[in-house]
Every structure is written in C-alpha cells, then in structure tokens.
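Here's the structure we're looking at; comments come further down.
In this text, all values refer to a predicted model and were calculated from it rather than measured experimentally.
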Amino acid sequence: MQISKRINDIPMSGIRKMFDLAGPNSINLGLGEPDLAPPIEAIEGMNKAASEGLNKYAPTAGIPELRKAVAERFSKYGDLTADNIMITSSGSSALYEITMSTINPGDDVLVPSPGFVIYGPHAQLAGGSYTEYKLTDGDFQPDIDDIQSKIKPNTRMMVVTTPSNPTGGVLNEQSYKALCDIAEDKDITILADEVYEPFIYEGKHLSFMNQLDKAIVASGFSKMMAVTGWRMGFLCANPTVMEYLIKMQYHVVASPNMPASYGILNALPHIDPYLENARKVYKSRRDLICKRINEIPGMSIEPPKGAFYAFPSYDMDMKSADLAAELIKAGLICTPGSAFGKYGEGHLRFSYAADETKINAGMDILEATVKKLR
C-alpha cells in the first residue's frame with residue numbers, strides 16, 4: 001500500500017516518542033493536560049443536550065448560540081460578532097484549517113522555535129515550507145531581528161504563540177507592536193495561537209483579535225475548561241476570510257461536536273470563578289517547580305508568566321533527547337527541548353498541570369539524575 005510523501009516526510013512528534021519509552025509507573029510531567037475537574041456546568045450542559053436528542057450534525061461553523069457567546073466573551077479584545085467566530089473540533093484543527101486555507105505550495109511560514117510541534121508540519125501538509133525563528137533567552141520573546149532576517153519573497157505567514165507552549169512566555173507590548181508592524185510592512189498574515197489565554201500569572205494578554213485585517217486567531221476550550229477529550233476549539237477571523245475557513249472545515253470535519261458545544265455554552269457564563277481558582281492552583285505549582293529546578297546545580301529557569309509549562313535550561317554537554325531518555329529510565333516523563341525546534345535544544349519541558357505530589361516526586365528524580373550525570 002502506498003504511503004503519501006507528504007505524511008512520510010513528517011516525523012512523529014517528539015512528545016509522543018517519550019511516552020512510548022516510558023514505564024507504566026512513571027511520573028508524568030510530559031503532557032499538557034489539566035488535572036482539574038471540568039466546570040460542573042459544562043458536564044451538565046453536555047449531558048442535557050445529549051439526553052434531549054441534540055446529537056446530530058451541528059452547522060459547519062458551530063451552533064449560532066455558542067458563536068455569539070464566544071464573540072461576547074472575547075469582545076474585550078476586539079469588536080467581535082458571531083460572524084468573526086467559528087467553533088472547531090479542537091484548537092489543533094483550527095490551526096490546521098487556518099494553514100490549509102491560507103498557504104499555497106511554495107509558500108514559507110515563519111514558526112517560533114522553541115514552539116509547538118505542529119506548526120511546521122501543517123505548513124508542509126499544505127505544500128509549503130517553514131523557517132524557524134528564535135525566541136530570546138529567559139523571557140522567550142520573539143527575536144525581531146532574527147524574524148526580519150528570515151523573511152523571504154515567499155514568506156506568507158508568521159505563527160505567534162502567547163502564552164507559549166512550551167516556554168510559558170507571554171508577549172509584551174514592544175514585541176506585539178513589532179510583530180504587527182512586520183505583518184503590515186511585509187504583507188504577512190499572523191496566525192496567533194492564543195489557546196492558553198486564560199492562564200496568565202503576571203502581565204496581561206495581548207490578543208490579535210483586534211488585528212483581524214492582518215491576523216487569524218486560534219483558541220479553544222480544552223485547556224480553559226479541562227475538557228481535552230472533548231476536542232473543542234474556535235478561531236477568530238474577519239468575515240471575508242471566514243467564508244473560506246468554513247468551507248475548509250466542512251471538508252476536514254464537517255462540523256464540531258454538538259453535545260459538547262452545548263456543554264461549553266452552558267459553562268461560559270460561569271467560567272470566571274473557575275478560571276480564577278485554576279490560575280491560583282497553577283501559579284502555586286509554577287512557583288513550586290521553579291523553586292525545585294533552581295535548587296538543582298546546573299539547571300536554571302525564570303518563572304514563566306503564562307500557560308502551565310516549565311522550560312528550564314541546563315549546562316550539561318548532552319542532547320536534550322538523551323537527557324530526557326535518562327530521566328525516563330529513572331521514572332520521569334518530560335519532553336526534550338529539541339522536540340520544539342532547533343532553538344529548543346539545551347532545555348527540557350515539564351508540565352505543571354499535575355498535583356504537587358507528582359511535581360515533587362518528579363523533581364526528586366530530576367535532581368538525582370542530574371547529580372549523577374554531572
């Protein structure tokens with residue numbers, strides 16, 4: 001049976017490789033999956049919809065009530081209506097549909113490095129290519145000089161993530177303005193991945209939802225409501241572009257999940273107290289894991305301002321994949337920095353969407369392993 005070149009040329013995610021190597025009793029700090037319970041309103045809303053027979057195909061762009069509710073919630077970032085919103089089958093599918101709707105064969109996409117693992121492969125699947133741009137050390141802001149040096153005649157899109165997976169970096173005002181200027185001057189579309197928008201501990205979220213003349217925003221509910229298995233996301237675009245995004249969604253998934261849509265709709269009006277508690281929990285865990293990491297000789301991290309990932313550097317002369325493999329042998333699952341691009345080398349990613357007991361146990365393994373290797 002023939003396998004297509006487009007998928008054969010794309011390597012398996014470095015995140016998933018670590019799980020294949022891990023033992024059954026390993027401490028898992030490798031997966032960005034919230035361990036908190038979802039809002040009860042979300043569960044009740046989904047169950048009610050399913051029991052009342054709302055189990056059919058939804059409209060391709062999502063049920064109108066949810067599109068309107070999302071526009072109202074995020075109107076603090078821009079002048080939005082339901083026409084700016086499409087409900088998607090996950091944040092990942094939103095990213096894929098945006099790329100497939102805007103990139104032609106031969107186009108190049110600028111992607112952050114370190115950055116989430118699917119941006120580059122999506123560009124390849126669309127028939128294009130991708131170029132990694134650096135983030136600055138410590139605070140992980142886009143390196144504007146590096147971006148400008150890598151813009152080519154065929155550069156059509158630039159991916160921006162805030163808050164960032166894997167670094168936890170949050171875009172500052174200087175970086176935000178510089179990126180908008182580049183997009184306007186060079187006629188480059190910004191694909192803004194803002195799925196971790198609810199989880200910022202210092203500073204504020206600078207959204208591209210008020211830049212829809214030059215940006216398309218992908219976001220979602222999986223992390224917001226701890227319902228990763230529901231696969232529910234959304235994207236935000238101007239109405240002219242939205243027409244094509246809806247057409248693409250029809251050909252990718254036909255429509256988003258109807259019962260889950262009603263669950264999200266039922267939870268949105270009550271979500272702020274839930275998110276306030278979640279931020280408190282994650283911030284406490286962030287402080288714990290950063291303290292533990294900085295106590296280990298040879299390792300260093302500045303506390304990330306958003307998301308729920310720690311991305312420390314280390315001073316040992318070994319590849320991050322080799323260090324992650326040693327940690328897996330010792331019973332700790334994490335992700336090598338190299339899985340997130342060439343500029344992620346020399347780092348490890350830990351998720352602190354896990355309780356304090358697991359974090360402490362994982363850091364005990366990290367401390368002992370690094371001490372042995374050094």
request  = Provide the closest heavy-atom pair for Y352 versus Y282 in the form atom of the first, atom of the second, distance.
outcome  = CE1-O, 3.3 Å
ask   = Any ion pair linking D364 and R292 (charged N to carboxylate O, less than 4.0 Å)?
value = yes
ask   = When the ring planes of F234 and F74 are compared, do they come out parallel, tilted or perpendicular, using 30° and 60° as the limits?
value = tilted
task = Count the heavy atoms of every other residue, nucleotide or ligand shown that sit under 6.0 Å from NZ of K76, and state whether that count exceeds 12.
result = yes
request  = Check for a donor-acceptor pair, side chain of R374 on one end and backbone N or O of M316 on the other, with a separation under 3.5 Å.
outcome  = no
inquiry  = I'd like to know if the side chain of S113 reaches the main chain of G115, judged simply by a donor and an acceptor atom lying under 3.5 Å from each other, with no hydrogens or angles considered.
reply    = no
message = Taking the side chain as everything from C-beta on, heavy atoms only, tell me whether P34 gets closer than 4.5 Å to T228.
response = yes
key: Exceeds 12 heavy-atom contacts within 6.0 angstrom, atom OH of Y176   = yes
inquiry  = So L348 and L327, do their side chains get closer than 4.5 Å, heavy atoms only?
reply    = yes
task = Just do the side-chain contact (heavy atoms from CB on, under 4.5 Å) check on K358 and N28 with the steps written out, would you?
result = CA-CA 8 Å; K358 289 182 179 178; N28 186 354; over 6 Å; no
key: Side-chain (S175) to main-chain (P142) donor-acceptor, under 3.5 angstrom   = no
task = Calculate, to the nearest 0.5 Å, the distance between atoms NZ and CG belonging to K214 and D185 respectively.
result = 9.5 Å
remark   = Which of I87, T60, L66, I264 passes side chain to side chain contact (heavy atoms under 4.5 Å, CB included) with P256? Answer is I87
task = Establish whether I246 and I98 are linked, either directly or via other cluster members, by ILVMFWY side-chain heavy-atom contacts under 4.5 Å.
result = yes
message = Would you say M158 ends up clustered with I151 if hydrophobic residues are merged whenever their side chains have heavy atoms under 4.5 Å apart, either directly or through other cluster members?
response = yes
query = Under a 4.5 Å cut-off applied to non-hydrogen side-chain atoms, are I271 and E41 in contact?
reply = no
query = Is the number of heavy atoms from other residues, nucleotides or ligands within 6.0 Å of NZ (K305) greater than 12?
reply = no
query = Quick one: do the N104 and R156 side chains pair a donor with an acceptor below 3.5 Å?
reply = no
task = For the pair T161 and Y119, evaluate side chain to side chain donor-acceptor pair (under 3.5 Å) and give the outcome as yes or no after the intermediate values.
result = CA-CA 10 Å; T161 316; Y119 303 140; 2.9 Å; yes
message = To the closest 0.5 Å, what do you measure between CG (D193) and OG (S219)?
response = 7.5 Å
Pair E65 + K68, salt bridge at N-O below 4.0 Å = no
inquiry  = Any heavy-atom pair between the side chains of M209 and N84 that's under 4.5 Å?
reply    = no
message = Pairing donors with acceptors under 3.5 angstrom, does anything connect the side chains of Y77 and E197?
response = yes
key: Smallest separation among heavy atoms of V227 and P38, with atom names   = CG1-CB, 3.7 Å
Criterion side chain to side chain donor-acceptor pair (under 3.5 Å) on T136 and D143, from CA distance to verdict = CA-CA 6 Å; T136 59; D143 186 321; over 6 Å; no
key: D317, CG atom: more than 12 neighbouring heavy atoms under 6.0 Å   = no
message = Quick check: closest heavy atoms across W230 and N257, and the distance to 0.1 Å?
response = O-ND2, 4.4 Å
ask   = Quick check: are there more than 12 heavy atoms from other residues, nucleotides or ligands sitting under 6.0 Å from CZ of R6?
value = no
message = Parallel, tilted or perpendicular, judged at 30° and 60°: which one describes the rings of F308 and Y196?
response = perpendicular
request  = Would you check if there is a donor-acceptor pair between the side chains of E194 and S207 at a distance under 3.5 Å?
outcome  = yes
request  = Could you walk me through whether Y314 and V370 pass the side-chain contact (heavy atoms from CB on, under 4.5 Å) test, one step at a time?
outcome  = CA-CA 9 Å; Y314 60 87; V370 169; over 6 Å; no
Exercise: identify the closest heavy-atom pair between F340 and P166 = CG-CG, 3.6 Å
inquiry  = Please find the pair of heavy atoms, one from Y57 and one from S255, that lie closest to each other, and give the distance.
reply    = CD2-OG, 3.9 Å
inquiry  = Quick check against the 3.5 Å criterion: does N165 have a side-chain atom that pairs as donor or acceptor with the backbone of F116?
reply    = no
task = Indicate the ring-plane relationship of F311 and H347, choosing parallel, tilted or perpendicular according to the 30° and 60° boundaries.
result = parallel
Salt bridge (Lys or Arg N to Asp or Glu O under 4.0 Å) partners for D146, two or more places apart = K150
ask   = Distance from M232 atom CE to S222 atom OG, nearest 0.5 Å?
value = 8.5 Å
message = Would you say that K371 contacts P297 through its side chain, given a criterion of any heavy-atom pair below 4.5 Å between the two side chains?
response = no
query = Do the side chains of L275 and Y309 join up, straight or via other hydrophobic residues, at under 4.5 Å, putting them in one cluster?
reply = yes
inquiry  = More than 12 heavy atoms of other residues, nucleotides or ligands under 6.0 Å from CG of D137: yes or no?
reply    = no
key: Intermediate values then yes/no, side-chain contact (heavy atoms from CB on, under 4.5 Å), V170 and E202   = CA-CA 9 Å; V170 173; E202 286 91 26; over 6 Å; no
task = Give a yes or no on whether a salt bridge exists between R73 and D272, defined as a side-chain N under 4.0 angstrom from a carboxylate O.
result = yes
query = Measuring from L80:CG to R67:CZ, what's the distance to the nearest 0.5 Å?
reply = 12.0 Å
ask   = Does the gap between the ring centers of Y343 and Y133 come in under 6.0 Å?
value = no
query = Are any non-hydrogen side-chain atoms of P259 and L54 less than 4.5 angstrom apart?
reply = no
task = Measure the OG-CD1 distance between S351 and I333 for me, rounded to the nearest 0.5 Å.
result = 11.5 Å
inquiry  = Within the supplied structure, the quantity of interest is the number of heavy atoms (other residues, nucleotides, ligands) at a distance under 6.0 Å from E173 CD; does it exceed 12?
reply    = no
task = Answer yes or no: is there a donor N or O on one side and an acceptor on the other, between the side chain of S284 and the main chain of V281, under 3.5 Å?
result = no
message = Is there a salt bridge (Lys or Arg N to Asp or Glu O under 4.0 Å) between E295 and K291? Walk through the geometry before answering.
response = CA-CA 6 Å; E295 288 173 348; K291 177 178 182 293; 2.7 Å; yes
query = If you draw a 6.0 Å radius around CD in E276, do more than 12 non-hydrogen atoms from other residues or ligands fall strictly inside?
reply = no
ask   = Within the side chain of S93, is there an N or O that forms a donor-acceptor pair under 3.5 Å with the backbone of S89?
value = yes
remark   = Taking every heavy atom of N238 against every heavy atom of L212, the minimum-distance pair comes out as ND2-O, 2.9 Å
ask   = Given side chains that start at C-beta, do those of V109 and H122 come closer than 4.5 Å, heavy atoms only?
value = no
query = Quick one: side chain to side chain donor-acceptor pair (under 3.5 Å) partners of K319, sequence neighbours excluded?
reply = none
task = Verify side-chain contact (heavy atoms from CB on, under 4.5 Å) between I147 and K186, making sure each step is shown before the conclusion.
result = CA-CA 12 Å; I147 290 173; K186 301 296 184 180; over 6 Å; no
inquiry  = Could you check whether K48 pairs with E44 (Lys NZ or Arg NE/NH1/NH2 to Asp/Glu carboxylate O, under 4.0 Å)?
reply    = no
Spatial distance of atom CD1 (I27) from atom SG (C334) [nearest 0.5 Å] = 12.5 Å
